[in-house]
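Taking it in order: structure first as structure tokens, then the write-up.
Chain naming here is simple, since letters A, B, ... match the order of the sequence lines and numbering starts at 1 in each. Computed over heavy atoms, backbone and side chain alike; hydrogens, waters and symmetry mates excluded.
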Amino acid sequence: MGKVKVLLITGRSMRQGVGKESGKASQKYFESVAFCEIHPKDLEKLGIKPGANVKVSTKSGSIVVKAMPASTIDEEGKIFIPYGPYVSLLVDAETASSGMPTFKGLEAYIEPALEEKILNIEELVKKYYRGK
Amino acid sequence: MELIIKNGIVYDPLNGVKGEAMDIYVKDGKIVEKADGSKAQVIDATNMLVLPGGVDMHTHFAGPKVNLARMLRPEDHYKDPQRKRGVRRCGTGYSIPSVFTTGYWYAEMGFTLAFEAANPPLKMMHVQDELNDTPLIDKGAYPVFGNNWYVMESLSKGKIEECAAYIAWVLSAIKGYAIKVVDPGSVEEWKWGKGQIGDMDKQVENFGITPKEIVRGLAKVAKLLNLPHHLHIHTNMLGNPGNSEVTLETMKAVKDLVTNGELLIHMAHLQFHSYGGKEKDWNSFRSGSEEIMKYINKNPYVSFDMGQIAFTDTTTMTADGPFEYNLYEITKNKWMNADIEFETGSGIVPIEYKRDNFVHSIMWAVGLELALLSKDLWRVALSTDHPNGAPLTFYPRVISWLMSKKARERVLKLIPSSARSKTLLGSIDREFNFEEIAIITRASPAKLLGLKEKGHLGIGADADIAIYDINPKALDPERDYRKIRKAFRFAKYTIKDGKIVYKDNEIIEHFIAKTYWVNPHIREDLYNYINSELERNFDKYYTVKISNYKIPEGYLVKSKRIDIITKL
Amino acid sequence: MREIKLSLKEPFIPPLDCSVINTDNFYQNSLEEIKALKIWRGNREVSLEDVFSIHEENISEQGDIKIYIEGDLSKARRIGQGMSFGEIIIKGNYGLYLGAHMKGGKITVYGDCGSWVGVEMEGGFIEVKGNVGDYLASSYRGTTKGMKGGTILVNGNCGVEACGWMSGGIVKVMGNSGIFPGIHMKGGIIYVKGDCAGRAGANMIAGRVIINGKVDDILPSFKIEEVRGSVKVGDEKIEGPFYVFVGDLSDEGDGRLFVHVNNNPHLKKYEEYIP
Amino acid sequence: MKEYRDILCPVCGCLCDDIEVNVENNSIVKVQNACAMGASKFLNFSKERLKNPLMRKNGELVPCSLNEAIDHISRALVKAEFPVIYGFALSSCEAIKVGIELAEEIGAVIDNQTTVCHGPGVQGLQDIGQVSCTLGEVKHRADLIIYWGSNPQDAHPRHFERYSLLPEGRFRGGKKDRKLVVVDVRKTATARMADFYIRIEQGKDFELISALRALLRFEDIEQEQVAGIPKEKVEELAEMMRSCEYGVIFFGQGLTQTIGKDRNGDNLFALVRDLNKFTKFLVMPIRGHYNVTGSNEVLTWQTGFPFGVDLSKGYPWYNPGDTTVVDIFRRGENDLTLVVGSDPLAHLPRRATMHILEHPLFTIDPSMSLTAMASNVVIPSAFYGLEAEGTAYRMDGVALPLKKIVEPPEGILPDEEILRRILEKVKEIRGK
């Protein structure tokens, strides 16, 4: 148990692509972006099972998402979260004057967050963007 | 709306007017015999030069490769920002101006018609998009066919009619104006990484046809289709030492097809094809203009545009993919390539023509020599092959070089003496007068394009008129070449479709003028045959559907369709 | 000597294009004319006076011109653009394009600067007491002409792509450098006293990139040439020893990359390749 | 029931134009030929959508009239000193033109999604150039296909089938005649199909490209490993590239969003350029949204620059890092944001976008997005390619016609018309 240091990769996935076409407020979209692919060995290190909630943190922020078994991550020490509002909380806004933030290869930490809830999209907007 | 241009000094070569002070009447966008003086707007053009609107028959200003060049070169734009002012939209130059700026620059120079010279049919919707956005000039586009699979296959089987029907189908489907050929055969081979074909009798790999056969076949097709403009060709070996032989061979290849003294072949940007010397030996590079012009002067079936260069930083762009690769190898500048499935290719390389460069300075002389050695200016058009030889804003400079030996000598003095000795220019005394300038910038290109309402100021012509603030009677172009330059760069008035669009350094109207295209009518059985062949095979050839390849006439903001009765 | 002092009246939201603030321009104008100079605040043209309070002091016959500017200038751009003489002193953090196309004179910033310091600079001297952003002494997009001449001294760190397309002049960074110092370099020298994040000298054709601190790795397109005792940066001699690499071979380059031996024991593996 | 053929799919940059759609009672009941993403859009687009303009009053978004919304936005635009207009990758070229005119009129920065997808590739192109082609060329000729940091099986599901690996071309008979190489940090669905999968160390693309380029110049590599790959394998890849007849690299955001960014594209284009000494080799970015290419094209032909264009001073200026949205947002320089068919709150770093909430934020979008949820005014728009026609550009620059196959809900206009009304209103206000 404890934190594991990883490289965070973000990108497209078919589910996210299908999910976004169903509408950003849809459950399908939520399910397609609020998760994190983790290598089985890293799950083991964290002492958690697939489906558990994990907290992912970078120097820019942290967010709780669902841990999923890896389908594309083929080595430990790497995690994948699809493009979307969850990973956007973790991405650095610096672009090295290129206009492009670094979406791939962010230094991140994962830790179990079994007690914490995953925000839905509306809650996320309220908490981070347009809180009343 | 009516307009009277009073007392200008008019040159209208097509109607034999040579510097007479006269009035011109305009009504509803046309030139008329008389207008109602009480209602008309009057421009006092006393002591001013009045010409028909300028016609640019070979320029690259819109479409996929032009836009790729724009994208490639932010540095070209940084140095030439164009501010928004009144109706004038903002934009950028310098050698690849944005669309609004292109239209304004033509208008500033008194040009009212320009033909985009090389376009892949598959990307013609992009071309039409940009033409739809280019203000104040009439325009049209030449799709390229010289490396098209259907063309090569039908011609290799000797099926001229089928090839003609196919081209008629394409021109009509995508709204093109003429048949353009670029480096026949070579571009297909370039798609396998091979270089330009210099042997006109060599078979193109996989297609069993030679470049010469492609040229001959397409010249026949243009005749069969009765197209208003004859075959427009950028022949093989562009830019290479000793290429004048290939150029002569290309012209000779179609000579026997002349039946009635007609024009048969237009040699595009001839400067780039008129070099002496030995292939690949740049030290042997010399002007080949004399032999080229000897042939053209004797053979009235050939016309050409100059492809003049000027010493500046500009951008080369052509469907001639293998040539651009060569140019990259020579300059090591940045290089774009864009091959187009089934049809053609293209490449882009920026270049700076330098006065102290042996090759560049000879190229500069060659372009001027071609025009100055011509005995029939009705087969010559001024061009810089914008922006290949120089940006279009250099036309006034080219005019001044043609009109003033002194202006030429100033440059000749500055080029390397080793280069000077490889040219004829120093020995040519000819200086064009205003009538001759009016021919090569207006009357001749309009005639070569087969546009009867363009390039002149006779009754019924389109009211496209340029008024320049110089008095041809009081000016000595030899001495005052700088005034010539200035006057032709910024007209006093430019009138398009009877409206004053530019006056005293201000763009005062922004509208989209006509887009010309041809609609050749062919026999129904032939049309049906081609249509079903294409429908059957389109998915094999292309990655788009045939219905999405066609462009409806309504897509053009202002369509000018020319229906043609063909020989098919 | 004219001394003109500008202090920022209040913070602002949009970027401020200050290209008129340069010594050549001020020198030709009276104080009243200077106050009336137009600058761009976002999409509005306002007078210099609207944004800065402006004073002129200490006029003597000798010397030329000094401009003092103070305030939070982190959204200001293009101060000292194209200047050819005199001096500008900025107290506070500063934004983008400091001394762009500068030809001569001196600019000193007591604070941090953003990106494109000395972009396409031709001559003169820039000193930044704090850190600078990316593209130090570099070029604009698509332009293959970076800094041509002059000297830049950065007391702090620099960001990525310092000295891109540089062809002449000297740049010294006393702190650390981001990735790609000397990218596409064609001449000139960059000296980084601290560490470099990597990819030093990428695509360089000629010139020198000198890293005194630690470098994680050398690009595979460089090959080692020798170990040298010291290297010169202008008239300053930097003591080594240095590994000297030649590159970038992927561009048939003949640039030199100097990396300090003592601070990079992990590069010892290269010694076996020394010809 | 109406049956439509040759319909364009308005989802990804593949812009497949062979979709068949059945429409009954103004509703799509059947879709053929589309991938899962496309089918999802055709069948679901009308479900979660906005039907009314919304305006924030007392902290809540409440319905308002279209005129009220346009009036509010226009007044704010006129007042703004540094507005940003962002989006357009899911719009038509005709709408983009109006967007540019509006930006010019009010002195705004106009940027599109290129900035966070293939912007770095464009910057690389501006240094080196790019050897490229249309997709049909690949279909007819390619015998070596490399996907580098791109995963079409997930993001462009029909890319293999229509354009690269599988189609039968004139000179190649499909998969049997082609070799597939995938360079990625993850074993993606695409990588699983590869004949040669190269798992590259995250963030080391530049090193691998440099090594390949040096090998092409017959230099030796003085390292045992490059980018986590044994030297022998790198040499094998170089040889494969050099000896193919016709190679093509499709690169994706694995390259553009990784450390090195524009220089990764720069070096990759140089690699492909160099390969043309030996054989024919080309490179093409795999573009994401269906008309992100079109938004580059239109912006380029009207202003000279493809994205991140600052028109605040009355002429176009471009410099990514200065004039791009993430940087402007992060520095907190803009005092108004107008979003057209994009969702920056969902996809841009929060550390940048949090600043735009301090100022007016307006969204034009067919459906509810995160950005719309947080906006001051939201105007619903019609879906291009479904409810409105227009032009879009495929990833290789082929322009194609988006078609209208169903009627939009009552009162819902396409972006082009909404923007035109805003432009007219802005002109009217300024005229006074």
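- Distance CG/L216(D) to OG/S250(C): 10.0 Å, rounded to 0.5 Å.
- Contact tally against chain C (heavy-atom pairs below 4.5 Å) for D335(D), L212(D), D322(D): the top residue is D322(D).
- For D266(D), the part sitting under 4.5 Å from any heavy atom of chain C is the side chain, from C-beta outward, and nothing else.
- For the options D262(D), D310(D), L215(D), heavy-atom pairs under 4.5 Å to chain C are most numerous at D262(D).
- Counting only distance, with no hydrogens or angles, the side chain of K313(D) and the backbone of G42(C) share no donor-acceptor pair below 3.5 Å.
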Could you walk me through whether L219(C) and E207(D) pass side chain to side chain contact (heavy atoms under 4.5 Å, CB included), step by step? CA-CA 6 Å; L219(C) 280 174; E207(D) 281 75 5; 3.8 Å; yes

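- Between D251(C) and R217(D) there is no salt bridge, since none of the side-chain N atoms of the basic residue sits less than 4.0 Å from a carboxylate O of the acidic one.
- Across N203(C), D217(C), T144(C), the residue that shares the most heavy-atom pairs under 4.5 angstrom with chain D is N203(C).
- Per-residue heavy-atom pair counts under 4.5 Å with chain D were compared for D248(C), D134(C), I183(C), and the maximum is reached by I183(C).
- Annotation: cation-pi pair R77(C)/W317(D) absent, no NZ/CZ under 6.0 Å from the ring centroid and within 45° of its normal.
- In this structure, the side chain of R263(D) does not engage the main chain of F180(C) through any donor-acceptor pair within 3.5 Å.
- Taking CH2 of W116(C) as the reference point, atom CG of N319(D) lies at 4.0 Å (rounded to 0.5 Å).
- Looking at every heavy atom in both residues, G142(C) comes nearest to D127(D) through N-OD1, 3.6 Å.
- For the options Y140(C), Y97(C), W40(C), Y270(C), heavy-atom pairs under 4.5 Å to chain D are most numerous at W40(C).
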Taking it one step at a time, do R141(C) and Q126(D) satisfy side chain to side chain donor-acceptor pair (under 3.5 Å)? CA-CA 7 Å; R141(C) 307 286 171 197; Q126(D) 290 171 340; 5.9 Å; no

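- For a residue to count as touching a neighbouring chain, one of its non-hydrogen atoms must lie under 4.5 Å from one of that chain's; by this rule E219(D) touches chain C with the side chain only.
- Neither the backbone nor the side chain of A270(D) comes within contact range of chain C, judged by heavy atoms closer than 4.5 Å.
- Side chain of Q223(D) to backbone of I218(C): a donor-acceptor contact under 3.5 angstrom is found.
- Both the backbone and the side chain of E222(D) have a heavy atom closer than 4.5 Å to some heavy atom of chain C.
- With a 4.5 Å cut-off on non-hydrogen atoms, N334(D) touches chain C through its backbone but not through its side chain.
- Contact annotation for L96(C): only side-chain heavy atoms (C-beta onward) come within less than 4.5 Å of a heavy atom of chain D.
- Of the listed residues E45(C), R199(C), H184(C), R44(C), the one with more heavy-atom pairs under 4.5 angstrom with chain D than any other is R199(C).
- Heavy atoms of E161(C) lying under 4.5 Å from chain D belong exclusively to its side chain.
- From S221(C), atom OG reaches atom CG of N267(D) across 7.5 Å, with rounding to the nearest 0.5 Å.
- With a 4.5 Å cut-off on side-chain heavy atoms, E333(D) and P15(C) count as touching.
- Across P220(C) and I221(D), no two heavy atoms sit closer than the pair O-CD1, 3.6 Å.
- With a threshold of 4.5 angstrom between heavy atoms, I224(C) approaches chain D through its backbone and through its side chain.
- For a residue to count as touching a neighbouring chain, one of its non-hydrogen atoms must lie under 4.5 Å from one of that chain's; by this rule I179(C) touches chain D with the side chain only.
- Judged by distance alone, the side chain of N43(C) and the main-chain N or O of I106(D) form a donor-acceptor pair under 3.5 Å.
- Looking at every heavy atom in both residues, K75(C) comes nearest to G332(D) through NZ-O, 2.8 Å.
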